K.L.:
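Take a look at the following structure, please.
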Amino acid sequence: MSDKLDGAARTEALDALKARGWDLVEGRDAIAKSFKFDSFVAAFGWMTQVAILSEKANHHPEWSNTYNRVEVVLTSHDVGGLTERDVKLARKMDDL
Ligand SMILES: C[C@H](O)[C@H](O)[C@H]1CNC2=NC(N)=NC(=O)C2=N1
């Protein structure tokens with residue numbers, strides 16, 4: 001059974017995410033955010049922490065790093081869209 005977000009839960013989650021700088025990706029059911037850090041070391045340190053959390057949750061980001069920036073896309077590949085797993089990972093990324 002798909003655990004894709006829909007209805008009021010999806011609207012609520014997306015509103016909260018948008019308030020924190022996340023946006024829907026055009027053409028797919030995914031969210032994206034660009035994180036900027038003071039340095040490459042700060043960016044990579046954050047990525048390392050996220051990697052550990054992601055592995056623990058078995059839910060992983062699509063991302064790329066250029067110097068002090070990390071471009072993140074979150075979606076749940078197994079269901080082809082956004083789930084609560086993406087919302088939780090987004091919140092952890094914001095909170096680190
Ligand atoms: C086999 C394993 O459960 C899957 O490959 C996991 C790993 N991490 C994942 N991460 C994300 N974002 N979507 C998935 O569907 C997914 N599947």
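Since we're looking at a predicted model, the values are computed, not measured. Because only heavy atoms are used, hydrogens play no part in the values below, and waters and symmetry mates are left out as well, while side chains stay in.
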K.L.:
How far apart are the C-alpha atoms of Leu96 and Trp46, what are their side-chain angles, what is the distance that settles it, and do they pass the side chain to side chain contact (heavy atoms under 4.5 Å, CB included) test?
P.N.:
CA-CA 7 Å; Leu96 275 176; Trp46 178 83; 3.8 Å; yes
K.L.:
Which value, rounded to the nearest 0.5 Å, describes the distance between Lys4 atom NZ and Asp6 atom CG?
P.N.:
9.5 Å
K.L.:
Looking only at heavy atoms, which two atoms of Asp94 and Trp22 are closest? And how far apart?
P.N.:
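Closest approach of Asp94 to Trp22: OD2-NE1, 3.1 Å.
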K.L.:
Output the distance between atom CE (Met47) and atom OG (Ser54), rounded to the nearest 0.5 Å.
P.N.:
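Between atom CE of Met47 and atom OG of Ser54 there are 10.0 Å.
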K.L.:
Report yes or no: do Ile31 and Val79 belong to one cluster of Ile/Leu/Val/Met/Phe/Trp/Tyr joined by side chain heavy-atom distances under 4.5 Å?
P.N.:
no
K.L.:
For Asp86 and Ser76, does a side-chain donor sit closer than 3.5 Å to a side-chain acceptor?
P.N.:
yes
K.L.:
Identify which one of Val70, Val73, Thr75, Leu74 satisfies the side-chain contact (heavy atoms from CB on, under 4.5 Å) criterion when paired with Pro61.
P.N.:
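Of the listed residues Val70, Val73, Thr75, Leu74, the side-chain contact (heavy atoms from CB on, under 4.5 Å) partner of Pro61 is Leu74.
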K.L.:
Using the rule given for side chain to side chain contact (heavy atoms under 4.5 Å, CB included), can you reason through Leu17 versus Asp23, listing the C-alpha separation, both sets of side-chain angles and the distance that settles it, and then say yes or no?
P.N.:
CA-CA 8 Å; Leu17 288 163; Asp23 279 313; over 6 Å; no
K.L.:
Looking only at atom types and distance, does a side-chain atom of Thr83 sit under 3.5 Å from a main-chain N or O of Arg85, one as donor and one as acceptor?
P.N.:
yes
K.L.:
Just wondering, more than 12 heavy atoms not from Lys88 lying within 6.0 Å of its NZ?
P.N.:
no
K.L.:
Is a side-chain donor or acceptor of Ser39 paired with a backbone partner of Ala42 at a separation under 3.5 angstrom?
P.N.:
yes
K.L.:
Would you call Met93 and Val72 a side-chain contact if the rule is heavy atoms closer than 4.5 Å?
P.N.:
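The answer is yes; the side chains approach within 4.5 Å.
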K.L.:
Does Asp15 have more than 12 heavy atoms from other residues, nucleotides or ligands lying within 6.0 Å of its CG?
P.N.:
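Check passes, neighbour count above 12.
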K.L.:
Calculate, to the nearest 0.5 Å, the distance between atoms CH2 and NZ belonging to Trp63 and Lys33 respectively.
P.N.:
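The CH2 atom of Trp63 sits 14.0 Å away from the NZ atom of Lys33.
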K.L.:
Could you tell me how the ring of Phe35 sits relative to the ring of Phe37: parallel (under 30°), tilted (30 to 60°) or perpendicular (over 60°)?
P.N.:
parallel
K.L.:
Under the rule for salt bridge (Lys or Arg N to Asp or Glu O under 4.0 Å), what residues qualify as partners of Arg10, not counting sequence neighbours?
P.N.:
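Salt bridge (Lys or Arg N to Asp or Glu O under 4.0 Å) check on Arg10 returns Asp29.
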K.L.:
Are Ser34 and Glu71 linked by a side-chain donor-acceptor pair shorter than 3.5 Å?
P.N.:
yes
K.L.:
With a cut-off of 6.0 Å (strictly less than), are more than 12 heavy atoms of other residues, nucleotides or ligands near CZ of Arg20?
P.N.:
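Yes - once you tally the heavy atoms of other residues, nucleotides and ligands closer than 6.0 Å, there are more than 12.
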K.L.:
How about Leu5 and Glu84: do any of their side-chain heavy atoms sit closer than 4.5 Å?
P.N.:
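They are in contact (side-chain heavy atoms under 4.5 Å apart), so the answer is yes.
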K.L.:
If Ile, Leu, Val, Met, Phe, Trp and Tyr residues are connected whenever their side-chain heavy atoms lie under 4.5 Å apart, and connections chain through other members, are Leu14 and Leu89 in the same group?
P.N.:
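Yes, Leu14 and Leu89 fall within the same hydrophobic cluster.
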K.L.:
Could you go through the side chain to side chain contact (heavy atoms under 4.5 Å, CB included) check for Asn58 and His60 one step at a time?
P.N.:
CA-CA 6 Å; Asn58 193 31; His60 303 87; 3.5 Å; yes
